[in-house]
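Notes follow once the structure below has been shown.
Just so it is clear, the structure is predicted and the values come from calculations on it, not from any experiment. In what follows, every heavy atom counts, from backbone to side chain, and hydrogens, waters and symmetry copies are set aside.
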There are 2 protein chains.
Amino acid sequence: MATGRTHRPATRSRGIPEATVARLPLYLRALTALSERSVPTVSSEELAAAAGVNSAKLRKDFSYLGSYGTRGVGYDVEYLVYQISRELGLTQDWPVVIVGIGNLGAALANYGGFASRGFRVAALIDADPNMAGTPVAGMPVQHTDELEKIIADNGVSIGVISTPAGAAQQVCDRLVAAGVTSILNFAPTVLSVPDGVDVRKVDLSIELQILAFHEQRKAGEEAGAEAVVADAVAEAAAADVTAAGSAAEAAPTAARAENTDRKGPDGDVPAVMPA
Amino acid sequence: MATGRTHRPATRSRGIPEATVARLPLYLRALTALSERSVPTVSSEELAAAAGVNSAKLRKDFSYLGSYGTRGVGYDVEYLVYQISRELGLTQDWPVVIVGIGNLGAALANYGGFASRGFRVAALIDADPNMAGTPVAGMPVQHTDELEKIIADNGVSIGVISTPAGAAQQVCDRLVAAGVTSILNFAPTVLSVPDGVDVRKVDLSIELQILAFHEQRKAGEEAGAEAVVADAVAEAAAADVTAAGSAAEAAPTAARAENTDRKGPDGDVPAVMPA
DNA sequence: ACTTGTGAACAGGTTCACAGCA
DNA sequence: TGCTGTGAACCTGTTCACAAGT
């Protein structure tokens, strides 16, 4: 597997912190909502509440972009929307292909959040010949054989993989070979990619497992004790605790909000793992 | 705002770091694969490679769980699978309900990764009366009216929200009122929940936006300069960039993941800590 | 020999608190 | 007066490197 250890080539240190980048979409969404309500300006306190973060963090984040606010007043909504969009690269058109049109792929194809954010689904690709031509989200599914041509013809640089785990690496390799340099992976598999290619993974079951961890902890707390019971049972049960082999991937994120005053959601770290 | 600023410095305790918890599912998946291949033991180096992290981090993570390895040898696969499963609370059955059976909800209902990890879909709920009774993933969709009863009858404590953004908060409130204490939110909205309830969110468009950011950066780098060009244009364009994304986010779907998270800004997590 | 387990250095991110400016 | 912008403290997480076992 790729061993690209070069994570962050110091050379680019002038950049915006990853944690901040990961929050920009959040701010953008909150700002877009304000914009639609024709709100002209917003304070860091208000915007932070809408985005679910605390104001100090928000101000710090914005400070990395530049000084776009006005002391004593707040931020100009429209101006900020533009600046953040530009910073994220959303002012340009990003054609993307979705490979693997199963339940999830179809859901993604129908997701409105793409188009409204500068992303354009250039093609839906699936390995099943029977699906070819079938319309999904108003667009015909194309066969995997066309993959390279589609990517070249549309200048696609971002690919979404929603195939079964077993096909993911192969699809990934073809996407990369065809020129894709950013991949959003939904398959529960660790993908190996050459240096220079970004991969972000999303795994539905991982999120649930993390919730289960905290849920379990809540229950134990309530009970008062901690007796993590089973210790003797461990050995015995160990043999078949697991089964199926598909599952999770990595991704963290969490949010937390509170009702009554303050609150802070949390931090999230991006992780684009380098091969 | 900063009223009761009672810091909670001493709150730290025997807990496992959030970042570590977020990686446990990854290790578990890799271990499960090894287990299926009947591999008896594995070194931190091998397992780390399979999980996509570096070995030092993996060993550090495991050290929080206890000393489950054998120096000079490695870790016993079966034993570790059990220990991690137990730590995550996966040795028990977690009934979950999925609210909002659109494309994404259906995809989630069909997702095999749930069942194979101790999660059981107890019910599929949707507000559309026409969907009631319709089988999805082999199970009839039930109407929202039944929500409270379903949760009570099945002892559900984890809920998944895959409704449109507009309905999310309302659904969330009902889930919480009915007893749910952990929520996985796919709707592109910030949810407010009372203390003690965990919310994790997954937003697909956010992941894509983060990829776009890095993709844009790559392009610029290639071009040689860093000149974030358009600076003068900014001012001019700012005025009406606005509408760009009015389509709004209606459909739900999304995913987002990343590294770690959760933690409390202020008085958040009551600090779980079993003595 | 070989690999774990971990103190300690390091890095990055968050929060504080206040100076600076409209 | 009010709110932004930010240095500095603080805290969490990562990496190093080696002592401790087997």
Going 5' to 3' along nucleotides 2-9 of chain D, which nucleotides have protein heavy atoms under 4.0 Å from the base (write B), which only from the sugar-phosphate (write S), and which from neither (write -)?
BBBBBBB-
Could you tell me how far apart [X] ([atom1]) and [N] ([atom2]) are, to the nearest whole angstrom?
X: Q83(B); N: dG5(C); atom1: CD; atom2: P; answer: 12 Å
X: K57(B); N: dA11(C); atom1: NZ; atom2: C1'; answer: 12 Å
X: L58(B); N: dG5(C); atom1: CG; atom2: P; answer: 10 Å

Going by the ring pair (Phe, Tyr, Trp, His ring centres under 6.0 Å) test, which pairs reach into residues 24-53 of chain B, not counting sequence neighbours?
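Only Y27(B)-F62(B) qualify under ring pair (Phe, Tyr, Trp, His ring centres under 6.0 Å).
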Any ring pair (Phe, Tyr, Trp, His ring centres under 6.0 Å) involving residues 35-57 of chain A? Give me the pairs, sequence neighbours left out, ordered by first then second residue.
none
Sequence neighbours left out, what passes side-chain hydrogen bond (donor to acceptor under 3.5 Å, both in side chains) with E45(B)? Give chain and number order.
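Scan of E45(B) (side-chain hydrogen bond (donor to acceptor under 3.5 Å, both in side chains), adjacent residues dropped) gives S55(B).
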Hey, do the aromatic rings of Y68(B) and Y79(B) have their centres closer than 6.0 Å?
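Between Y68(B) and Y79(B), the centre distance is under 6.0 Å.
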Considering residues at least two apart in sequence or located in another chain, which fulfil the ring-ring contact (aromatic ring centres under 6.0 Å, His included) criterion with F213(A)?
none
By salt bridge (Lys or Arg N to Asp or Glu O under 4.0 Å), which residues pair with E46(B), not counting sequence neighbours?
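If we apply the salt bridge (Lys or Arg N to Asp or Glu O under 4.0 Å) test to E46(B), skipping adjacent residues, there are no hits.
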Return no unless some side-chain N or O of N54(B) is found under 4.0 Å from OP1 or OP2 of dT14(D).
no
